[in-house]
2 protein chains.
Amino acid sequence: MPARLKDIAAELDLSVTTVSRALAGYSDVSPQTRARVLATAKAMGYVPDATARRLQKQRANVIGFIVPTFGPRFSDPFFSELLAGIGNEAARRSYDVLISTVAPGPAETDTYRRFIMSRSVDGMIVVRTRSDDARIALMLENEFPFVSFGRSANYSDFPWVDTDGMAGIRAAVDHLVSLGHRNIGYLRGPQELMFSVLRWQAFVRAMAENNLEINPEWIFHGDLSQGGGRTAANQLLDLSNRPSALLVGNDLMAMGAMTAVQQRNLVVGQDLSIIGFDDIGPAEHTHPPLTTIRQPIYYIATQVTSMLIQLLEDETLQQPQQLLTPELVLRGSTGPAPAIPDLT
Amino acid sequence: MPARLKDIAAELDLSVTTVSRALAGYSDVSPQTRARVLATAKAMGYVPDATARRLQKQRANVIGFIVPTFGPRFSDPFFSELLAGIGNEAARRSYDVLISTVAPGPAETDTYRRFIMSRSVDGMIVVRTRSDDARIALMLENEFPFVSFGRSANYSDFPWVDTDGMAGIRAAVDHLVSLGHRNIGYLRGPQELMFSVLRWQAFVRAMAENNLEINPEWIFHGDLSQGGGRTAANQLLDLSNRPSALLVGNDLMAMGAMTAVQQRNLVVGQDLSIIGFDDIGPAEHTHPPLTTIRQPIYYIATQVTSMLIQLLEDETLQQPQQLLTPELVLRGSTGPAPAIPDLT
DNA sequence: CTTGACATCCAAAACGTTTTGGGCTAGAAT
DNA sequence: ATTCTAGCCCAAAACGTTTTGGATGTCAAG
């Protein structure tokens with residue numbers, strides 16, 4: 001049984017009130033008394049009961065994070081990095097993080113509702129925003145504090161941090177063009193994810209700006225997983241006329257695509273140039289290392305967490321919406337386009 | 001403001017007690033009243049205040065999980081899979097998961113102490129156990145419920161689930177031997193991690209059983225990361241007399257080692273056979289796919305969580321210590337040993 | 001008519017903390 | 001001698017729920 005306030009009070013023949021106020025450092029406790037309280041509290045290993053304190057303060061000092069797990073087994077380095085950022089920043093500011101995992105859908109909204117209405121958490125962090133995002137709708141309508149990693153199509157007035165996919169994709173396309181590529185394919189992520197559609201739109205625009213046509217045969221869809229990337233790349237490689245470069249919606253799929261290429265004894269960066277998006281940890285350790293559009297996941301995670309805590313502590317955000325410019329990281333998975341047979 | 005019990009009571013002109021008992025399904029409230037209560041509770045979107053309930057019940061329905069993050073940025077698929085398992089199983093049994101991230105060390109023990117003494121969680125899940133594990137010592141001495149993924153050298157009487165590293169390593173060595181390898185190196189993980197020393201001991205024994213000598217030049221150390229694996233493999237490749245096969249303490253390092261081999265234009269599975277340990281998601285997507293010793297991380301995570309919840313609900317564990325036999329998954333990173341120059 | 005038995009409801013206590021609104025004493029000022 | 005002020009302390013209320021231990025009313029059995 002951990003020691004409680006009343007145990008300390010009994011030990012020192014003081015009231016619970018005085019012990020509480022001594023520990024909180026109020027000035028209406030004599031220095032001697034305070035010293036005695038501090039000493040025995042330490043000796044008894046006293047740690048306040050978090051639940052009781054929460055009930056009284058009407059504040060949990062906990063932020064919620066619901067991981068949208070796609071499928072039961074999922075291992076996405078994106079999320080470990082995210083979690084490390086959220087966890088470290090929260091710990092630094094003495095907040096705890098309450099987690100649940102649930103697949104997108106109605107059950108997900110229920111979990112959000114439960115977190116909010118049961119007052120288990122003071123605020124939420126949202127990731128992988130959707131174009132029409134029920135989670136954001138729910139929280140806006142309940143005026144519940146949250147910050148998201150990513151924007152949404154249907155709502156605009158809420159705090160978020162995001163990467164400028166447009167700029168990133170444009171840099172990638174420009175880079176491919178400068179390498180001589182004109183036949184560029186694109187591997188899209190799920191349509192309902194906001195970042196997926198933004199990146200796709202960026203691709204369409206960047207191609208147009210370079211006066212390149214988009215060949216519908218070279219557009220593929222994947223589920224953001226390595227397996228999905230591999231499947232899509234195999235479809236591409238089965239084509240009789242292939243593109244010379246493939247832009248991929250995220251790194252994990254790009255890595256899967258690389259595997260598919262190599263399994264046919266083709267060379268990534270030569271027979272097919274591949275560019276990913278994210279720069280997750282493993283990206284620099286593939287062979288060849290993956291050229292990718294880097295978004296600072298860990299930094300964004302700390303940033304989002306920090307913003308949420310600021311909101312909770314009634315500070316106003318000087319910049320509630322932050323659009324970060326990503327950086328194209330040139331590595332080995334891209335190379336010059338193969339010479340085109342001269343048709344003249 | 002979410003609706004509270006007293007709001008429902010006021011609405012229906014009932015006492016808070018009756019409303020509470022109606023919702024809890026006690027038989028001393030009339031069916032009509034109960035129906036009315038249920039209806040308005042639903043209409044008002046009532047969700048019980050978790051904090052108040054916890055205080056009264058002296059039970060949080062929360063399990064704690066402290067992620068031992070090594071370094072600020074870390075992305076280990078091992079942990080995402082672990083988290084998915086813990087999260088999904090906890091959600092299934094209506095428990096929440098409270099998370100913190102902290103690097104191993106004294107601050108880590110403080111975090112455990114805080115979780116325990118503040119009664120924020122009912123029990124803890126421990127992973128990456130150490131030979132002499134301060135976390136386990138702390139919880140045993142406070143009789144705090146926990147279940148761990150992994151054993152410990154200094155304590156034996158606590159509930160855990162673990163993979164039989166011994167059996168796994170032996171299978172791997174036997175497999176290499178059957179392929180003709182006699183010169184086998186080993187890349188160890190950190191010495192303080194229990195699974196690391198168990199696997200190393202297993203290697204020593206398995207080599208002896210096959211009458212093979214261990215060449216100290218072929219023993220390396222790494223930090224379980226891809227970068228660590230790459231560095232170690234580079235040391236190996238710099239050697240004038242190299243082993244023909246390398247057994248690696250975990251998949252992430254094995255993947256790093258593969259990259260190092262490929263960067264020298266050598267072929268994994270031919271010039272150097274590599275075997276990992278874990279079978280994390282990406283392992284089957286490398287090129288060549290990684291031969292590895294599979295431990296079912298997701299399953300173990302659900303199992304550990306389930307056991308903890310059983311403990312918390314006063315059920316006795318029929319099998320408090322589970323040693324799972326891993327499976328050697330043969331893929332492309334291993335191949336026959338190169339022919340040895342005949343010295344006779 | 002009384003007594004039980006049953007059905008239905010509720011006031012009050014409890015969980016452990018913080019906050020509110022004083023109370024008491026000693027010494028200084030009037 | 002009285003009032004005021006500081007300094008120190010504490011009882012009680014409050015947070016929202018569940019549990020405890022009745023209270024009240026009705027109806028059937030005696």
Residue list, salt bridge (Lys or Arg N to Asp or Glu O under 4.0 Å) with B:Arg36, at least two apart or on another chain:
none
Sub-4.0 Å heavy-atom contacts from residues 34-43 of chain A onto DNA chain C, ordered by number:
none
Regarding C:dC9, can its base be found pairing with the side chain of B:Asp28 as donor and acceptor, where the two atoms are less than 3.5 Å apart?
yes
Exceeds 12 heavy-atom contacts within 6.0 angstrom, atom CD of A:Glu143
no
Does a side-chain N or O from A:Ser27 land closer than 4.0 Å to OP1 or OP2 of D:dG7, or not?
no
Taking only residues two or more places apart in sequence or in another chain, which ones pass side chain to side chain contact (heavy atoms under 4.5 Å, CB included) with B:Gln318?
B:Gln310
Between C1' of C:dA14 and CZ of B:Arg54, the distance in whole Å:
18 Å
C:dA7 P sits how many Å from B:Leu14 CG, rounded?
19 Å
With sequence neighbours left out, write down each residue that passes side chain to side chain donor-acceptor pair (under 3.5 Å) with A:Ser148, or none if nothing qualifies.
none
Euclidean distance, atom CZ of residue B:Arg21 to atom P of D:dT19 [Å, nearest integer]:
8 Å
Residues forming a side chain to side chain donor-acceptor pair (under 3.5 Å) with B:Arg119, sequence neighbours excluded:
A:Asp49
B:Thr17 side chain near C:dC10 phosphate (N/O to OP1/OP2, under 4.0 Å)
no
Between the two end axes of the helix from C:dC1-D:dG30 to C:dT30-D:dA1, each built from 5 base pairs, what angle do you get to the nearest 10°?
80°
Sequence neighbours left out, what passes salt bridge (Lys or Arg N to Asp or Glu O under 4.0 Å) with A:Glu89? Give chain and number order.
A:Arg92, A:Arg93
Below the 4.0 Å mark, does C:dT19 have OP1 or OP2 next to a side-chain nitrogen or oxygen of A:Tyr26?
yes
Do A:Asp7 and A:Tyr46 have a side chain donor and acceptor closer than 3.5 Å?
no
Set of side chain to side chain donor-acceptor pair (under 3.5 Å) partners for B:Asp132, sequence neighbours left out
B:Asn154
Within the sub-3.5 Å range, which N or O atoms of nucleotides 15-17 of chain C have a protein N or O partner, and how far apart are they?
{"unit_1": "C:dC15", "atom_1": "O3'", "unit_2": "B:Gln58", "atom_2": "NE2", "d": "3.3"}
{"unit_1": "C:dC15", "atom_1": "O2", "unit_2": "B:Gln56", "atom_2": "N", "d": "3.4"}
{"unit_1": "C:dG16", "atom_1": "OP1", "unit_2": "B:Gln58", "atom_2": "NE2", "d": "3.3"}
{"unit_1": "C:dG16", "atom_1": "OP1", "unit_2": "B:Arg119", "atom_2": "NH1", "d": "3.3"}
{"unit_1": "C:dG16", "atom_1": "N2", "unit_2": "A:Ala52", "atom_2": "O", "d": "3.4"}
{"unit_1": "C:dT17", "atom_1": "OP1", "unit_2": "A:Arg4", "atom_2": "NH1", "d": "3.4"}
{"unit_1": "C:dT17", "atom_1": "OP1", "unit_2": "A:Tyr46", "atom_2": "OH", "d": "3.0"}
{"unit_1": "C:dT17", "atom_1": "OP1", "unit_2": "A:Asp49", "atom_2": "N", "d": "3.4"}
{"unit_1": "C:dT17", "atom_1": "OP2", "unit_2": "A:Leu5", "atom_2": "N", "d": "2.9"}

With respect to the phosphate group of C:dC10, does any side-chain polar atom (N or O) of B:Thr18 fall under 4.0 Å of OP1 or OP2?
yes
Tell me every residue that passes ring pair (Phe, Tyr, Trp, His ring centres under 6.0 Å) with B:Tyr95, counting only those two or more places apart in sequence or in another chain.
none
Residues 19-29 of chain B vs side-chain hydrogen bond (donor to acceptor under 3.5 Å, both in side chains), sequence neighbours excluded, gives B:Arg21-B:Asp28
Starting at atom CG of A:Leu12, determine the distance to atom P of D:dC10, rounded to an integer number of angstrom.
10 Å
Contacts of B:Arg151 that satisfy side chain to side chain donor-acceptor pair (under 3.5 Å) - sequence neighbours left out:
B:Asp162
